[in-house]
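Accompanying notes for the structure given below.
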Amino acid sequence: MCYRYIYLFVEMIENMYMGMKSRIGRALPAQKGQQIVTWSIASLWQRSYQLNNQVYAAMLSRGYRGEPQELDEYKTRTLDWVWLFFSLLILILLLSVTYAVK
């Protein structure tokens with residue numbers, strides 16, 4: 001899940017940079033640039049905090065209670081193997097029909 005949010009944060013930073021670049025359009029003094037970067041970091045922190053709260057609320061609404069729950073160990077049954085066999089059979093038939101048409 002963290003991997004997904006890294007890209008989200010990078011996208012947020014890119015959007016903020018593009019917005020600053022399009023509004024300013026010229027070089028800034030160093031002190032003004034530092035103020036803008038500081039404001040951007042604070043804004044990003046606030047957005048990430050809000051996103052964290054939204055994700056946590058979504059997890060709570062789906063039954064999260066503080067501890068991750070693990071499913072019981074999955075065991076394959078005969079029906080699973082039959083389903084796999086028929087799925088592969090259909091795939092092979094579709095591929096053979098596709099190549100026969102060409």
Side-chain angles (χ1 to χ4, degrees):
M1 195 159 62
C2 291
Y3 185 71
R4 177 179 174 265
Y5 291 114
I6 289 172
Y7 286 107
L8 184 63
F9 291 142
V10 168
E11 182 181 341
M12 289 165 68
I13 290 170
E14 287 175 346
N15 290 340
M16 291 171 63
Y17 176 72
M18 183 67 75
M20 284 190 301
K21 192 175 175 182
S22 66
R23 287 186 193 102
I24 296 169
R26 59 180 168 79
L28 290 175
Q31 186 175 5
K32 185 66 174 172
Q34 289 173 350
Q35 289 174 352
I36 291 174
V37 169
T38 304
W39 176 83
S40 298
I41 291 171
S43 176
L44 181 62
W45 179 263
Q46 183 180 14
R47 284 183 180 181
S48 64
Y49 185 75
Q50 289 172 351
L51 181 64
N52 180 33
N53 286 337
Q54 290 172 352
V55 168
Y56 185 69
M59 289 171 63
L60 286 178
S61 70
R62 289 171 176 84
Y64 179 73
R65 297 293 175 243
E67 290 292 325
Q69 296 178 353
E70 296 178 7
L71 298 175
D72 294 332
E73 188 174 323
Y74 181 77
K75 295 182 181 183
T76 56
R77 300 176 302 199
T78 306
L79 183 61
D80 297 321
W81 290 107
V82 170
W83 180 258
L84 177 65
F85 173 74
F86 282 119
S87 299
L88 290 174
L89 182 66
I90 290 172
L91 177 66
I92 291 169
L93 288 174
L94 287 174
L95 289 175
S96 65
V97 168
T98 303
Y99 286 118
V101 171
K102 289 182 180 181

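When the side-chain hydrogen bond (donor to acceptor under 3.5 Å, both in side chains) test is applied to Asn52, no partner is found at least two apart in sequence or on another chain. Remark: Trp45 pairs with no residue by the side-chain hydrogen bond (donor to acceptor under 3.5 Å, both in side chains) rule, at least two apart or across chains. Remark: Ser87 engages Trp83 in a side chain to side chain contact (heavy atoms under 4.5 Å, CB included) (not counting sequence neighbours). Partners of Thr76 under the side-chain hydrogen bond (donor to acceptor under 3.5 Å, both in side chains) rule, at least two apart in sequence or in another chain, are Trp81. Residues meeting the side chain to side chain contact (heavy atoms under 4.5 Å, CB included) test with Tyr49, sequence neighbours left out: Asn53.
Under a 3.5 Å cut-off, the side chain of Thr98 and the backbone N or O of Leu94 do form a donor-acceptor pair.
With a 4.5 Å cut-off between side-chain heavy atoms of Ile, Leu, Val, Met, Phe, Trp and Tyr, the cluster of Leu93 takes in Val82, Phe85, Phe86, Leu89.
Rounded to the nearest 0.5 Å, atoms CE (Met59) and CD (Gln54) are 14.0 Å apart.
Across all their heavy atoms, Asp80 and Lys75 have their closest contact at OD2-O, 4.0 Å.
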